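Below is one structure, written out as structure tokens, with a few remarks after it.
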Amino acid sequence: MPRGKINGAAKPRVRDKLPLKTRLLVLTESGYRCAVPTCRNILALDMHHVWEVAAKGGDDPSNLIALCPTCHALYHRGTIVQESIFAWKSMVVAITRAFDVGAVYQLLFLDSGRNEFLVVTGDGLLHFGRLIAAGLASVEQKANNAWQLVTYAVNISNKGRQLIEAWKQGDRTRLRVAMGGPLPGGASNT
């Protein structure tokens with residue numbers, strides 16, 4: 001029998017050990033955390049193939065996503081659906097290319113609090129500049145005190161909330177609507 005065949009059928013490709021450079025790229029992309037936005041575990045991370053090895057998925061970083069062992073097991077049990085993996089990968093790529101990891105956590109932080117729970121001075125406002133400029137956070141002046149100490153409330157905007165909700169739900173269609181662009185992952189808008 002020819003090598004690489006089982007009962008006349010092609011033997012599925014066995015996953016090779018991923019090079020350190022590839023693993024580091026995927027971990028950096030996810031901020032060294034699980035890519036599932038409701039998890040964000042940092043203790044241990046697996047490299048999951050978006051298109052699985054058995055389906056001829058490659059080992060390049062664009063086909064890998066960092067998942068903690070629990071989320072990885074939930075995917076393989078069918079609790080997490082493949083559509084969510086696509087959405088989370090798309091979101092991790094988009095948001096980490098547009099913002100630094102700190103801005104991603106600031107957005108998740110703003111989403112976790114009630115409206116106007118964060119009041120900052122002007123120098124604190126600068127930390128949220130990228131999110132405000134992108135329309136993902138909003139700012140409102142709260143107090144002026146004769147220009148001695150001006151304070152501002154920083155909140156997640158409607159667009160930012162839609163983006164976080166779509167990300168958490170793993171819904172590419174809602175991500176497209178929230179981002180106002182083509183459907184992440186290369187699928188058509190029609």
Side-chain angles (χ1 to χ4, degrees), residues 25-55 57 60-118 128 130-139 153-190:
L25 285 168
V26 175
L27 289 170
T28 301
E29 174 181 85
S30 69
Y32 284 80
R33 293 185 178 270
C34 179
V36 177
T38 55
C39 174
R40 307 304 282 160
N41 191 336
I42 62 171
L43 296 177
L45 296 170
D46 297 337
M47 297 292 111
H48 172 72
H49 287 78
V50 175
W51 293 102
E52 294 185 24
V53 172
D60 55 294
S62 66
N63 190 45
L64 295 166
I65 187 169
L67 297 177
C68 73
T70 301
C71 291
H72 201 181
L74 288 171
Y75 170 79
H76 285 290
R77 284 188 207 129
T79 304
I80 293 175
V81 297
Q82 189 171 26
E83 177 67 19
S84 293
I85 296 293
F86 292 145
W88 294 330
K89 176 66 175 183
S90 298
M91 185 62 187
V92 165
V93 168
I95 205 161
T96 57
R97 295 280 189 322
F99 302 101
D100 59 14
V101 173
V104 174
Y105 292 119
Q106 287 173 340
L107 190 59
L108 289 168
F109 170 71
L110 290 175
D111 183 57
S112 70
R114 61 178 169 67
N115 206 26
E116 297 191 11
F117 82 102
L118 180 63
F128 294 89
R130 294 182 81 179
L131 296 176
I132 293 166
L136 300 176
S138 62
V139 62
V154 179
N155 296 295
I156 190 168
S157 68
N158 287 336
K159 179 180 178 180
R161 191 168 314 282
Q162 288 173 350
L163 185 67
I164 292 296
E165 286 173 9
W167 184 21
K168 286 180 177 178
Q169 292 175 3
D171 186 331
R172 286 194 297 169
T173 303
R174 287 187 67 194
L175 275 174
R176 177 187 53 80
V177 171
M179 293 191 303
L183 187 63
S188 169
N189 287 342
T190 58

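Since the model is a prediction, treat every value here as computed from it, not as a measurement.
Between Q106 and R130, the closest side-chain pair of non-hydrogen atoms is not below 4.5 Å. No side-chain heavy atom of H49 sits under 4.5 Å from any side-chain heavy atom of I65. L67 has its side chain out of reach of L45: every pair of non-hydrogen atoms, C-beta onward, lies at least 4.5 Å apart. In this structure, L64 and H48 have side chains that are not in contact, with every pair of non-hydrogen atoms separated by 4.5 Å or more. At a threshold of 4.5 Å between non-hydrogen side-chain atoms, the residues I80 and I85 count as touching.
Taking a 6.0 Å sphere around CG of D60, one finds it holds more than 12 heavy atoms contributed by other residues, nucleotides or ligands.
Between the E165 side chain and the G160 main chain, no donor and acceptor come within less than 3.5 Å of each other. Using a distance-only test at 3.5 Å, with no hydrogens or angles considered, a donor-acceptor pair links the side chain of S90 to the main chain of F86. When atom types are taken as modelled, the side chain of N41 and the backbone of C34 share no donor-acceptor pair closer than 3.5 angstrom. For the pair S30 (side chain) and A66 (backbone), a donor-acceptor distance under 3.5 Å is absent. Looking only at distances, a side-chain donor or acceptor of N63 sits under 3.5 Å from a matching main-chain atom of W51.
Scanning both residues, A87 and D171, for their nearest heavy atoms gives CB-N, 3.7 Å. Nearest heavy-atom pair across L131 and A103 is CD1-O, 3.7 Å. Taking all atoms of both residues into account, the shortest heavy-atom contact from L107 to L163 is CD2-CD2, 4.3 Å. In plain terms, the two heavy atoms of V92 and E29 that are nearest each other are CG1-O, 3.2 Å. Shown here for N155 and R114, the closest heavy-atom pair between the two residues is OD1-O, 4.5 Å.
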- [ ] Given side chain to side chain contact (heavy atoms under 4.5 Å, CB included), test I164 with L108 step by step and report yes or no.
- [x] CA-CA 7 Å; I164 292 296; L108 289 168; 3.8 Å; yes
Task: side chain to side chain contact (heavy atoms under 4.5 Å, CB included) evaluation trace for F128 with L136 - done: CA-CA 10 Å; F128 294 89; L136 300 176; over 6 Å; no
TODO: Decide side-chain hydrogen bond (donor to acceptor under 3.5 Å, both in side chains) for Q169 and R174; before the verdict, give the C-alpha distance in whole Å, the side-chain angles of both, and the deciding distance to 0.1 Å.
DONE: CA-CA 9 Å; Q169 292 175 3; R174 287 187 67 194; 2.4 Å; yes
Open item on the list: Is there a side-chain hydrogen bond (donor to acceptor under 3.5 Å, both in side chains) between D46 and H72? Walk through the geometry before answering.
Closed with: CA-CA 7 Å; D46 297 337; H72 201 181; 3.0 Å; yes
Open item on the list: Before you tell me yes or no, could you show the steps for K89 and R172 under side chain to side chain contact (heavy atoms under 4.5 Å, CB included), namely the whole-Å CA-CA distance, both residues' side-chain angles and the distance that decides it to 0.1 Å?
Closed with: CA-CA 10 Å; K89 176 66 175 183; R172 286 194 297 169; over 6 Å; no
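Looking at residues two or more places apart in sequence or on another chain, you find a ring-ring contact (aromatic ring centres under 6.0 Å, His included) between F109 and F117. Taking R40 as the reference, nothing meets the salt bridge (charged side-chain N to carboxylate O under 4.0 Å, His left out) condition, with sequence neighbours excluded. With sequence neighbours left out, F99 forms a ring-ring contact (aromatic ring centres under 6.0 Å, His included) with no residue at all.
Checked against the 6.0 Å centroid threshold, W88 and Y75 do not count as a close aromatic pair.
Note that OG1 of T79 and CG of L74 are 5.0 Å apart. Values are rounded to the nearest 0.5 Å.
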